[in-house]
A.B. asks: 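Shown below is the structure under consideration.
Below, read A as the first sequence line, B as the second, and so on, with proteins coming before strands; counting in each chain starts at 1.
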Amino acid sequence: MAAGTAVPAEVRLERPRDPQHGDLATGVALQLARPLKKKPRDVAQAIVQQLDAPQGLVSKVEIAGPGFINFWLAEEALSNVLVTILEQGAKYGRRTAHPPQRINVEFVSTNPTGPLHVGHGRGAALGDAFAALLEATGHEVTREFYVNDAGLQIERLARSLWARIQQAVGRDAGIPEGGYHGEYLAELASEVLERESPAFADLPEREAIDRCREIAVRHGLEDQTRDLEEFGVRFDLFYSETTLYQEQGIEKTLAELERRDLLYERDGALWLSTGAHGDAKDRVLRKQDGSYTYFLPDIAYHLTKRDRGFHRAIDVWGADHHGYVPRMTAAMKALGLPEEFFHAEIVQLVRVMRHGEEVRFSKRSGEFVTLRDLFEETGVDAARYFFLMRRGDAQFIFDIDLATKQSEENPVYYVQYAHTRMAGIFRTGGLEPTSISAEGVDLSLLSEDVEQDLIKQLGQYPSVVEGAARALEPHRIVAYLEEIAQHVNAWYHHHRVLGSDPPLERARLVLARASQIVLANGLSLLGVTAPERM
RNA sequence: GCCCCUGUAGCUCAGUUGGAUAGAGCAGCGGUUUCCUAAACCGUUGGCCGGGUGUUCGAGUCACCCCAGGGGCACCA
């Protein structure tokens, strides 16, 4: 540095809000002024004089305001953006990581005890987008669904089904305490009797309930999987809790906890000392009655993620589980896993509005909004887009009326429409989009303000993806795409592509193609289609 | 009582991890169509960033204290 002294300062180039402040700017001189005991503008002056700006990249450098250094990109830099986008195509905005991490993204993970509701939909859309973002930044991602197919809830489900079967053959059987009253179990009961045989109802209870458990779980999971697939979410792995038990996960976990001296007995229960690792208190793993709390299999399950070679485990949990985060974090820490291994991403509540009033979630009244109801009404694209357009950690009101509106009020169509228009240009021009090349094209003809702005924005796509992946915030992609769409639509409206002077037409075709690629790539990260026509 | 999330335009929300004069969409108001799709475009109205104190060259952003809304507290899952 100028003074020859080592002054710690991070040189961050950022994009100013105001275009009058250049394409890139840094406030580093302001940070350095105090330690150097100089005026900020003098520091900036010194920096600029020593600056070794590569030719062809920066066209102008200016010191402004209290001491900001502003840079303007040269035209050649802008042309390079377009060349890069066309060359890389669907890979534009994706990078390799060195080294790539193996990341497990676990989401939805609900009991197979009934249909998925809108809250699961939000978790599914977000989890899938997290996975897509991490893949785009070069990591190897596994999308995983933890199937809670053991435990008390499943026992209740099995007993409820058994009761429905008894009812179906005319016997007086009540749904057990805490059981499932949903109509679909009654339907499943008749199905079972039909498929198996009426004699199923006469099986000894123990055997029957085991069979019921298996049938109910398989059926519930199939329903959920079908909904998710239609919603565009595919999992790489369904990890069954039962498997965990079969593979002695519990015993192994207890042994490991024991080895690390993290367990103790008190009041007839077995405790894990999470309190010493950031949790508010220690937690029980084995109750007085000898059964395990859910915490133990959860720890065991997460240890399998380590043992299966993952560097990171990202869990997407509903807001009702957020109190669970500190204890799981503490458990992972106590087990010596690195801080970044476990991360729980909390998805806040979804409320649904229709015709200006809130649709209540009530299984009893039957006004239960399932995920399927939702996407059948709004379409998958709109549903996914809406779930992703807001930060996941804030409560969200899903406005069904807005999502189903096929008009300018609906943001999902706004972005898709911009893509459609680009596709329309190529269709009308009889051109194969993939054949568009920047080779030999004079891109400096793209001199309109809106064109310059659009190119600069297209060039930011990789860093937007990077930031969204780092923060696990897909809504940044949404916001970015809406900006691109805005520029694309304005450009399209004011300037013709087809029929311009041939050199200009060629240049504009390149810009149209680049815009189409970025819109398609971004929408793909969100799991939303990029239609050719609408 | 303790912990977490949220509070920014009439509504729904962004705000680049402390930068320059706080933004968008919708709603409202006024315009644009012989033209690659008007699901679009152009213009315009609208702000005590919940309140307060502090940290510093600089705070919507960070710290602390209040206020309001939501969620969570277990030897439930």
A.B. asks: Could you pull out all residues at least two apart from A/Ala514 that satisfy side chain to side chain contact (heavy atoms under 4.5 Å, CB included)?
C.D. replies: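 With neighbours one apart ignored, the set is A/Leu82, A/Ile85, A/Leu86, A/Leu458.
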A.B. asks: For A/Gln348, enumerate each residue passing the side chain to side chain contact (heavy atoms under 4.5 Å, CB included) test, keeping only those at least two apart in sequence or located in another chain.
C.D. replies: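 With neighbours one apart ignored, the set is A/Arg122, A/Ala319, A/Ile346, A/Gln395.
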A.B. asks: Scan residues 461-496 of chain A against RNA chain B and write down, sorted by residue number, each residue with any heavy atom closer than 4.0 Å; if none is found, say none.
C.D. replies: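 Output list: A/Arg470, A/His475, A/Gln486, A/Asn489, A/Ala490, A/Tyr492, A/His493, A/His494, A/His495, A/Arg496.
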A.B. asks: So, using side chain to side chain donor-acceptor pair (under 3.5 Å) as the criterion, who are the partners of A/Asp279 when residues are at least two apart?
C.D. replies: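 Result, side chain to side chain donor-acceptor pair (under 3.5 Å) vs A/Asp279: A/Thr274, A/Arg283.
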A.B. asks: Distances under 3.5 Å only, N/O to N/O: pair up the protein atoms with those of nucleotides 43-46 of chain B.
C.D. replies:
none

A.B. asks: For nucleotides 1-6 of chain B, list the nitrogen or oxygen atoms of the protein found under 3.5 Å from its nitrogen or oxygen atoms, one pair per line.
C.D. replies:
unit_1, atom_1, unit_2, atom_2, d
B/C5, O2', A/Asp393, O, 2.6

A.B. asks: Quick one: side chain to side chain contact (heavy atoms under 4.5 Å, CB included) partners of A/Thr110, sequence neighbours excluded?
C.D. replies: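 A/Thr110: side chain to side chain contact (heavy atoms under 4.5 Å, CB included) contacts with A/Val108, A/Leu116, A/His120, A/Phe145, A/Gln224.
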A.B. asks: Atom pairs under 3.5 Å, N or O on each side, protein against nucleotides 58-64 of chain B: can you list them with distances?
C.D. replies:
unit_1, atom_1, unit_2, atom_2, d
B/G60, O6, A/Arg17, NH2, 2.6

A.B. asks: Counting only heavy atoms and a strict 4.0 angstrom limit, can you tell me which residues of residues 505-521 of chain A come near RNA chain B?
C.D. replies: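 The answer is none.
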A.B. asks: Kindly state which residues belonging to residues 279-289 of chain A come within less than 4.0 angstrom of RNA chain B, counting heavy atoms of the residue only, listed by number.
C.D. replies: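 RNA chain B contact set from residues 279-289 of chain A: A/Lys281, A/Arg283, A/Val284, A/Lys287, A/Gln288.
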A.B. asks: For A/Glu265, what residues pass the salt bridge (charged side-chain N to carboxylate O under 4.0 Å, His left out) criterion, not counting sequence neighbours?
C.D. replies: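 Salt bridge (charged side-chain N to carboxylate O under 4.0 Å, His left out) check on A/Glu265 returns A/Arg286.
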A.B. asks: List in chain and number order the residues that pass side chain to side chain contact (heavy atoms under 4.5 Å, CB included) with A/Glu339, two or more places apart in sequence or in another chain; answer none if no residue qualifies.
C.D. replies: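 For A/Glu339 there are no side chain to side chain contact (heavy atoms under 4.5 Å, CB included) partners, ignoring immediate neighbours.
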